[in-house]
Amino acid sequence: MRGVSPDPRTVNSARRAPTPVAARLAVPAGMLAAVAAAFAYVGAVDPNEPGHYPACPLLRLTGLYCPGCGGLRSAHAVVHGDLPAALQANAVAVAGYALFAVAWTVWVVRAVRGRPFRLDPRSAYLWAAGALVLVFTVVRNLPFGGWLHP
């Protein structure tokens, strides 16, 4: 029968074969490899020694610390297992590393179980995170916030 299309109810009712676990883990594994490579590089090339990395443009032009200032030193300290030094260099960056580790783990567990992973934070959480970073940035640039300087 030419020109007759199949019944859409029977076409849609056929289930797809499940995706193999290795295929579902490809993207999280690639993300982990990229992050591990970045941390390995920062761990090998010390940001505390001048000339290895460019200076923060905001710090160079204004003398103010941005929320990312000290992030490379913080990553270097994390790689070398020195958590107090990492927190002193940039506490917000260390919190970001921990948050990434938790989110990546949830992603992998959901991928193994065949469930999709979506990051869909409520706007209140995003506003709270932005306010926290703003307060961190302001306090580290005030005279009494010297303990937050990288």
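Atom set for the values below is all heavy atoms of this structure, side chains included, hydrogens, waters and symmetry mates excluded.
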query: Is the closest side-chain heavy-atom distance between Arg73 and Asn48 below 4.5 Å?
result: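 Result yes, sub-4.5 Å side-chain heavy-atom pair found.
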field: Thr137 and Val92, any side-chain heavy atoms less than 4.5 Å apart
entry: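 Contact flag for Val92/Thr137 side chains = no.
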message: Suppose clustering is done on Ile, Leu, Val, Met, Phe, Trp and Tyr with side-chain heavy atoms closer than 4.5 Å. Which residues sit in the same group as Val109?
response: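 Taking Ile, Leu, Val, Met, Phe, Trp and Tyr as members, Val109 stands alone, with no cluster partners.
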Closest heavy-atom pair and its distance - [X], [Y]:
{"X": "Gly43", "Y": "Val79", "result": "CA-CG1, 3.8 Å"}
{"X": "Cys56", "Y": "Cys69", "result": "SG-SG, 3.5 Å"}
{"X": "Pro150", "Y": "Arg140", "result": "CD-NH2, 3.4 Å"}
{"X": "Ser74", "Y": "Val94", "result": "OG-CG2, 3.4 Å"}
{"X": "Ala77", "Y": "Ala86", "result": "CB-N, 3.5 Å"}
{"X": "Val42", "Y": "Ala75", "result": "CG1-CB, 4.0 Å"}

field: Residues that Asp82 engages under side-chain hydrogen bond (donor to acceptor under 3.5 Å, both in side chains), provided they are two or more places apart
entry: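 Applying side-chain hydrogen bond (donor to acceptor under 3.5 Å, both in side chains) to Asp82 gives none.
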Single-linkage hydrophobic cluster, 4.5 Å side-chain cutoff, [X] and [Y] together:
{"X": "Val45", "Y": "Leu72", "value": "yes"}
{"X": "Phe100", "Y": "Phe117", "value": "yes"}
{"X": "Phe136", "Y": "Leu142", "value": "yes"}

query: Is the side chain of Thr62 donor-acceptor paired with the backbone N or O of Leu58 at a distance under 3.5 Å, no angle test?
result: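 Side chain of Thr62 to backbone of Leu58: a pair is present.
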Residues 21-36 side chain polar contacts: donor-acceptor under 3.5 Å, at least two apart:
| from | atom 1 | to | atom 2 | distance (Å) |
| --- | --- | --- | --- | --- |
| Arg24 | NE | Ala111 | O | 2.6 |
| Arg24 | NH1 | Thr19 | O | 2.4 |
| Arg24 | NH2 | Val112 | O | 2.9 |

message: I'd like to check the side chain to side chain contact (heavy atoms under 4.5 Å, CB included) partners of Leu61; sequence neighbours left out, ordered by chain and number.
response: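 Leu61 satisfies side chain to side chain contact (heavy atoms under 4.5 Å, CB included) with no residue once adjacent residues are dropped.
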- prompt: Once the angle between the rings of Phe39 and Tyr97 is folded into 0 to 90°, is it parallel (under 30°), tilted (30 to 60°) or perpendicular (over 60°)?
  reply: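 Rings of Phe39 and Tyr97: perpendicular, over 60°.
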- prompt: Which residue pairs pass the ring pair (Phe, Tyr, Trp, His ring centres under 6.0 Å) test when at least one of the two sits in residues 56-91, sequence neighbours left out?
  reply: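 Qualifying pairs, neighbours excluded: Tyr65-His149, His76-His80.
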Side-chain donor-acceptor contacts of residues 118-135 below 3.5 Å, not counting sequence neighbours, with atom names and distances?
| from | atom 1 | to | atom 2 | distance (Å) |
| --- | --- | --- | --- | --- |
| Arg118 | NH2 | Asp120 | OD2 | 3.2 |

